[in-house]
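By convention in this document, chain letters (A, B, ...) are assigned in the order of the sequence lines, proteins followed by strands, and residues within each chain are numbered from 1.
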Amino acid sequence: MTGAVAAVEIDGVTKRFGEVVAVDNVDLAIDDGEFFALLGPSGCGKTTTLRMIAGLDLPTEGSLRIFGEEVGMAPPDLRPVNTVFQAYALFPHMTVRQNIEFGLRMRRVKDPELSQRVAEATGMVRLSGMEDRRPDQLSGGQQQRVALARALVNQPKVLLLDEPLGALDLKLRQEMQQELKALQRTVGITFVFVTHDQEEALAMSERIGVMSEGRLLQVGTPREIYERPASRFVADFIGRTNLLEATVESAGTVRLANGARIEAETSLPAGSEVSVSLRPERARLHPRGTADAEGSSLEGEVRDITYLGHAVVYEVAVGPMSVEVRVEGETGRPFGSGDDVTISWDHGAAAVVAD
Amino acid sequence: MSGNVETGLGPRTRRLLAGWAWVVFAFLYVPIAVLVVFSFNASSRVNIWGGFSFQWYGEALNNEVITSAIRVSLIVAAVSTAVSVVLGTAVALALDRYRFKGRRALDGTIYLPIVIPDITMAVMLLVFFAEAFKFIDSFGPRFTLGISTIALSHIAFNISFVCVVVRARLDQFDRTLEEAARDLYATGWQTFRRVTLPLIMPGIAAGGLLALTLSLDDVVISAFVAGPGSTTLPVYVFSSIRRGVTPELNAISTLMLAASIALVLGSLALQRRRASASQQTQVL
Amino acid sequence: MQPANRTSESTPASGEKAAAQAQRRQGMLLASPGALYLLIFFVAPLALISVYSFATRTSTGRTSLSGWNVESYRAIGDDVIVGIIGRSAWLATLTTALCLAVGYPFAYYLATRPRHVRAILLVLVMIPFWTNGLVRVFAIRFLLGSNGPASALSENLGFGTFRILFTPTAVTIGMVYSFLTFMVLPLYVSLERMDWSLTEAARDLYASGSKAFWKVTLPLTKSGIVAGSVLVFVPSFGSYVVPDILGGAKTLLIGSYIARQFRDARNYPLGAALSVLLIVAMLVAVALNQRSGSGAEGGDRPRRRRRGRARAEPEPAAVS
């Protein structure tokens, strides 16, 4: 991406557990100072990828470099990375302070540097005064902070976070999202975090890598991933979308299964089977015959209405297909079930994705 | 999470561990295996293999003293198990869900027979029976040490073991199940009979099995409270070993071994059918 | 069975009191047969032996209960008896240490196997655990006997016959053989409960493999170590059968010495005093175990709870 050497560079890495291929030939470069998310459903291989960066699992094939240095087979204690574990893995037989200074002690850092760095890290995660408590005397959020401090105190070149917010309740999770982002800006190092929560990934990261069944499907900024999904899976996994089956007719048009012809950019050859991804909030709904001339449109009939307060979601039958349209801040007369409607969207709002 | 880097061991350490595990298994099984093999030895000399034979089993089972000892062992085991299962379960239930006078004293005492070494339990009971008989004899009837004193002694330690095992089961009992039964019109007794008892049954069975095993295993206490002409099989074997090793002893030992293993496998099969893995470790 | 629910007919206040009373009655009723049995056949004998320990041995070997004294307790200070107690304590300590050294790596191996393998290996440990103890000691006696199979094997291999039967070595081997599984099972339980992500965290925080073991795994399995040690130490200290079958005159231990007082020597008061001493020693050992055990538990519990929650989170990829 930039000219500088990548913080983490994964080259053709495969990990097999017996017969099971957990990670399948993944290539990935994560930049220095980047907040990078590995996103995917359970079992997609994202945690295994993270564990290989940490050295907790060793790749079956491929190479792995951290700031240009090959570390693929190095044990975890010889890698300049630290991990915030999924359930934090705080040592229950040690106090907060003992937990935080563990890594420094292992590397034989002595006082006064030791206590100074521990104090800094404790202050950074706002845990000053709790140093002598044991992990089981802390709340979930506090435990999370100890785990962060315990990793960051070592000044790793890359911080790995495995579902760091997974064990917190919703409100705390949203707070911690902001805090983590702020923390990353403060320390300025690369954060790589694993999550199955697409909203979390969109909200927090600078770039996202979407994984499924061991493969890395797409890497891009949250906007790229959301607006221009590279595949049907990515389109479906990130946010809600309508996936309409279609066939490519020419470079600018595709034909939907019901015969309707719509405009959409694609580089795929004519005759390719594709899907058109149309986000519910990017579509507009009009009474039949009143649609604007610009863009594309489909005709249908309202079948179901879900009232959400800030928005209304209409399910519209378009021939054999069903299209979801989300109307935010609805004005004017709402549609009723059975109304004939036209769905329209701007040019470029729909994306063609390969199956 | 199988042992990879996560358990923090290198490949060499893991190979050493695996090797060590098999050495320990060999240590646990080779002596028993050798004993079993030599029980089928046709030769009467214990260190020379003289061909395969059931001869010693025949001789052992034709020995009047041995068959009588087997009979005593089985009767004592059956009686002491039955009595201690009933008494031990009742005590476990009482301790688990009732408050009553003397509860704390009972709670403390119930663990003592488990902790106290066999030999002290044995001499305690020996002295006790001697004094008790002296006292009863003064009224006329004459009691002597024998099968009944063995059974009484076995009950004394088995109540505790049954109680502890059943209580472990009661500990993880979900009381809302009983409330649900009451809500569904069951009376107190019906609730106990239809809900509580079936659910703690695996614990009771495990306790009974433990009592049976301990009764069949006991040497020291039985040796002290047994009378002339009424020894249990382990007591017979114990006193015979002191006189020397004979092929006949190998045969009896193999039979006792087979009985033990049958009991273990039987109990495991029972548990597999009834309880989850976590409860297994709880019971054992 | 459910006295608390019997309140419906009467007024709330008196009903509650009546229910509490009924509960007390029911509890007493349920407990009394067992309690009575223990009172007669355990508490009374225990009291009796304590009384005996203050009695006097007459010249004919009888026990006289008149004239209480602490003579028997004073006799325990005798060099011979102190030697026996010392030897028993030393052998029990040695047995415990050996069981720990042999059992810890063994239990570690068992606990880190995949689930289905673990179940089978555990059965292989359970079998000797439940097998008749006397038979197992006899197996060692048979194997090690001067004309037994081990000796024959060594003779055939040209090492000559060996004589370890009736030595302290034989007794130690027999004790380790008898009580090893008592050590392995609690160790296994604590290791199986071990949260391995903690060792991973240690490795991630620059601990080497062995450092991670000493700093994290070992302290977190302390409860298993303590429980196993008590379970081995207690029966080996009071052991009677093992030294009787495998030991010789030089390995007279306290268990056998007590037995001797009630058989040939007919010095009941001394035997009773030694029994009381043994019981007290065992109770102290068990009480110590419970104190340290409950401390370790306190550290364990919340962690297990959290681990349970973590397991509910998706992402089995790391587990597979």
Taking side chain as everything from C-beta outward and backbone as N, CA, C, O, which of these in [X] sits under 4.5 Å from a heavy atom of chain C? Side chain, backbone, both or neither.
{"X": "B:Val115", "result": "both"}
{"X": "B:Leu210", "result": "both"}
{"X": "B:Leu263", "result": "neither"}
{"X": "B:Leu16", "result": "neither"}
{"X": "B:Ile116", "result": "side chain"}
{"X": "B:Leu17", "result": "both"}
{"X": "B:Phe157", "result": "neither"}
{"X": "B:Leu152", "result": "both"}

Taking the side chain as everything from C-beta on, heavy atoms only, tell me whether [X] gets closer than 4.5 Å to [Y].
{"X": "C:Asn132", "Y": "B:Leu257", "answer": "no"}
{"X": "C:Ile127", "Y": "B:Leu265", "answer": "yes"}
{"X": "C:Phe42", "Y": "B:Leu125", "answer": "no"}
{"X": "C:Phe142", "Y": "B:Phe38", "answer": "yes"}
{"X": "B:Phe128", "Y": "C:Leu46", "answer": "no"}
{"X": "C:Arg141", "Y": "B:Val245", "answer": "yes"}
{"X": "C:Phe106", "Y": "B:Trp22", "answer": "no"}
{"X": "B:Ile261", "Y": "C:Trp130", "answer": "no"}

Exceeds 12 heavy-atom contacts within 6.0 angstrom, atom CZ of C:Arg263: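 Atom CZ in C:Arg263 is crowded, with more than 12 foreign heavy atoms closer than 6.0 Å.
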So how far is it from [X] [atom1] to [Y] [atom2], rounded to the nearest 0.5 Å?
{"X": "B:Arg99", "Y": "C:Arg24", "atom1": "CZ", "atom2": "CZ", "result": "10.5 Å"}
{"X": "C:Leu134", "Y": "B:Met256", "atom1": "CG", "atom2": "CE", "result": "5.5 Å"}
{"X": "C:Tyr240", "Y": "B:Thr120", "atom1": "OH", "atom2": "OG1", "result": "13.0 Å"}

Side chain to side chain contact (heavy atoms under 4.5 Å, CB included) partners for C:Leu124, two or more places apart: B:Phe25, B:Tyr29, C:Leu121
Could you pull out the closest heavy-atom pair between [X] and [Y], with the gap in Å?
{"X": "B:Trp20", "Y": "C:Ala101", "value": "NE1-O, 4.4 Å"}
{"X": "B:Ile159", "Y": "C:Gly34", "value": "CD1-O, 4.4 Å"}
{"X": "B:Ile119", "Y": "C:Ala259", "value": "CD1-CB, 3.7 Å"}
{"X": "C:Ala139", "Y": "B:Ile32", "value": "CB-N, 4.2 Å"}
{"X": "C:Gly133", "Y": "B:Asp217", "value": "N-OD2, 3.8 Å"}
{"X": "C:Pro45", "Y": "B:Met124", "value": "CB-O, 3.7 Å"}

Salt bridge (charged side-chain N to carboxylate O under 4.0 Å, His left out) partners of B:Arg12, counting only residues at least two apart: none
When only pairs under 4.5 Å are counted, which of [options] shares the most heavy-atom pairs with chain B?
{"options": "C:Val123, C:Val241, C:Leu143, C:Val102", "value": "C:Val102"}
{"options": "C:Gly238, C:Ala107, C:Pro128", "value": "C:Pro128"}
{"options": "C:Ile40, C:Ile254, C:Leu144", "value": "C:Ile40"}
{"options": "C:Gln261, C:Arg136, C:Lys211, C:Met28", "value": "C:Met28"}
{"options": "C:Val43, C:Asp244, C:Leu180, C:Leu283", "value": "C:Asp244"}
{"options": "C:Phe138, C:Tyr52, C:Phe41", "value": "C:Phe138"}

Cation-aromatic face contact C:Arg25/B:Tyr98, 6.0 Å, 45 degrees: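 Not flagged: C:Arg25 not positioned over aromatic ring of B:Tyr98.
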Quick check for you: among [options], which has the greatest number of heavy-atom pairs under 4.5 Å with chain C?
{"options": "B:Tyr111, B:Phe27, B:Phe129", "answer": "B:Phe27"}
{"options": "B:Ala94, B:Ala132, B:Ala259, B:Pro31", "answer": "B:Pro31"}
{"options": "B:Ile155, B:Ile110, B:Val34, B:Val36", "answer": "B:Ile155"}
{"options": "B:Leu126, B:Val91, B:Val127", "answer": "B:Val127"}
{"options": "B:Ile241, B:Thr254, B:Leu106", "answer": "B:Ile241"}

Atom group of C:Pro235 that falls short of 4.5 Å from chain B, counting heavy atoms: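 The answer is neither part of C:Pro235.
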Region of C:Tyr268 in contact with chain B, defined by heavy-atom distances below 4.5 Å: side chain
Any residue of residues 271-279 of chain C which, by heavy atoms, sits under 4.5 Å from chain B: C:Ser275, C:Leu278, C:Ile279
Steps toward side-chain contact (heavy atoms from CB on, under 4.5 Å) verdict (B:Phe238, C:Ile245): CA-CA 8 Å; B:Phe238 185 45; C:Ile245 293 179; 3.7 Å; yes
Main-chain N/O of B:Leu28 paired to C:Tyr177 side chain as donor or acceptor, under 3.5 Å: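 Such a contact is found between C:Tyr177 side chain and B:Leu28 backbone.
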Qualifying salt bridge (charged side-chain N to carboxylate O under 4.0 Å, His left out) pairs, either residue in residues 102-115 of chain B, two or more places apart: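 Residue pairs with at least one partner in residues 102-115 of chain B: B:Asp107-B:Arg167.
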